[in-house]
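Both counts, for ligands and for their atoms, begin at 1 and track the order of listing.
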Amino acid sequence: MTQIQRKKTSSKADSFTESVIREMTRIALQHGAINLSQGFPDFPCPLELKQAAYAAIAEDVNQYAITWGDRPFREAIATKVRWYLGLEVDPERQITVTCGSTEAMAATMLATVDAGDEVIIFEPYYENYGPDAILANATPRYVKLHPPEWTFDELELRQAFNAHTKAIIINTPHNPLGKVFTRDELSVIADLCQQWDVLAFTDEIYEHILYDGAKHVALATLPGMDDRTVTINGLSKTYSVTGWRVGYILASPTLTGAIRKVHDFLTVGAPAPLQRAGVAAMQLPPQYYDDLARLYEQKRKLILQTLDAVGIPYFVPQGAYYVWADISHFGYPTDVDFTYHLIKEIGVAVVPGSSFFSDPQKGRSFIRFCFSKKPETLAAAQERLFKLLIADS
Ligand code: GLN
């Protein structure tokens, strides 16, 4: 017998770590901490979705849906995005239903990007985009969002585009910052995409969670962008069903053709009965979205009051359900040390800022709070966070 020793794991898998966001949820559970880390609601989803899901199971909708999505769901998506985004999409040729927007982004990259292509990512960024790029053999190219307003520098963005650029990822409303990209910012991006013949992948999962009159603009609706934008979304955040894993992709017929093939071989399809419930979600009246935004306005108020009372500076989110907070004055060596202190001693779990940067050093003075929680959860977290004041004095 030869003694060949082979590395058991792939270089790709070796090149990224497990998701810090998901890890924090596990550690929170271990320590009985209130979980303000991973972004998911701790309150029920709308009754209409539950009833449609029960009915689908009762009717034995148990087998595969069409790989790229059950037709009634795709039609309902097309109607809803026409109303909300002002986007015309053909449900037969331009919509792919996926296992959450996580699969949507991965399938999109795998379907469009070749080895050596560069993908521009604004930093800080939702941690999945890094491994997505690695899995697709792409080279991520990070462009900084600068405090205090967390805008990009137009010159820096311009310099990031080059002959190797294949795509740019835009996440608006933004996780972790809560920034909502303005039409002017998106126009700059749109012009560069057209100048360099670059695709745009937009993660718009927080499109309905907006504050202080902020407006969500879909990049695909800007002139010249419909054929080069891949719009990614899902049921998770808008309808409070993050565990259902139902997402969708809107793209040109050409891009959709490639994306559907990758999606088919990755997952075959999203859960069939839950796609039936997706129809009910898409048919909720406009009032639902107003109420959702108002509900989150209340939650944002509670968490910001807490941070004010405890003396933690933050960026006021205009969208999404996170607060990006500055912990530098606590004097901990790293954001991770501070996060562990919060989880173990204070009893509140958050996400360390470094997990949103390619170079962890850049995120050392930040943490992210998630506030998609019941008022009583936020009140209990407040009570615990007050311990920081006592420890400080
Ligand atoms: N988007 C959520 C977050 O940032 C969680 C996503 C996930 O864990 N799949 O916390």
Lys166 side-chain N/O to Thr112 backbone N/O, donor-acceptor pair under 3.5 Å:
yes
Could you tell me whether ligand 1 has any atom less than 4.0 Å away from a heavy atom of Tyr321?
no
Just need the protein heavy atom nearest to atom 9 (N) of ligand 1, so name the residue and atom and give the distance.
Arg22 NH1, 3.4 Å
Is there a path of hydrophobic side-chain contacts, each under 4.5 Å between heavy atoms of I/L/V/M/F/W/Y residues, joining Met105 to Ile120?
yes
Report the part of Arg245 (side chain from C-beta onward, or backbone N, CA, C, O) that has a heavy atom under 4.0 Å from ligand 1; answer both or neither where that applies.
neither
Check each heavy atom of Asn128 against ligand 1 and say whether those closer than 4.0 Å belong to the side chain, the backbone, both or neither.
neither
Ring-plane angle category for Phe181 and His174, please: parallel below 30°, perpendicular beyond 60°, tilted otherwise.
tilted
Among all protein heavy atoms, pick the one closest to atom 6 (C) of ligand 1 and tell me residue, atom and distance.
Tyr126 OH, 3.0 Å
Between Gln38 and ligand 1, does any nitrogen or oxygen pair lie at a separation below 3.5 Å?
yes
Nearest protein heavy-atom contact for atom 3 (C) of ligand 1: which residue, which atom, what distance?
Tyr322 OH, 3.2 Å
Only heavy atoms of Tyr206, strictly under 4.0 Å: list the atoms of ligand 1 that pass.
1 (N)
Check each heavy atom of Arg368 against ligand 1 and say whether those closer than 4.0 Å belong to the side chain, the backbone, both or neither.
side chain
Hey, are Ser19 and Glu127 close enough side-chain-wise for a donor-acceptor pair under 3.5 Å?
yes
Between Asp291 and Gln287, is any side-chain donor less than 3.5 angstrom from a side-chain acceptor?
yes
Is there a heavy atom of Phe40 sitting under 4.0 angstrom from any atom of ligand 1?
no
Could you tell me how the ring of Tyr289 sits relative to the ring of Tyr239: parallel (under 30°), tilted (30 to 60°) or perpendicular (over 60°)?
perpendicular
With a cut-off of 4.0 Å, which atoms of ligand 1 are near a heavy atom of Lys237?
1 (N), 2 (C), 5 (C)
N or O pair under 3.5 Å between Gly39 and ligand 1:
yes
On the 0 to 90° scale, with breaks at 30° and 60°, tag the Tyr125-Tyr142 ring pair as parallel, tilted or perpendicular.
parallel
Output yes when a side-chain donor or acceptor of Lys80 lies under 3.5 Å from a complementary backbone atom of Ala281, and no otherwise.
no
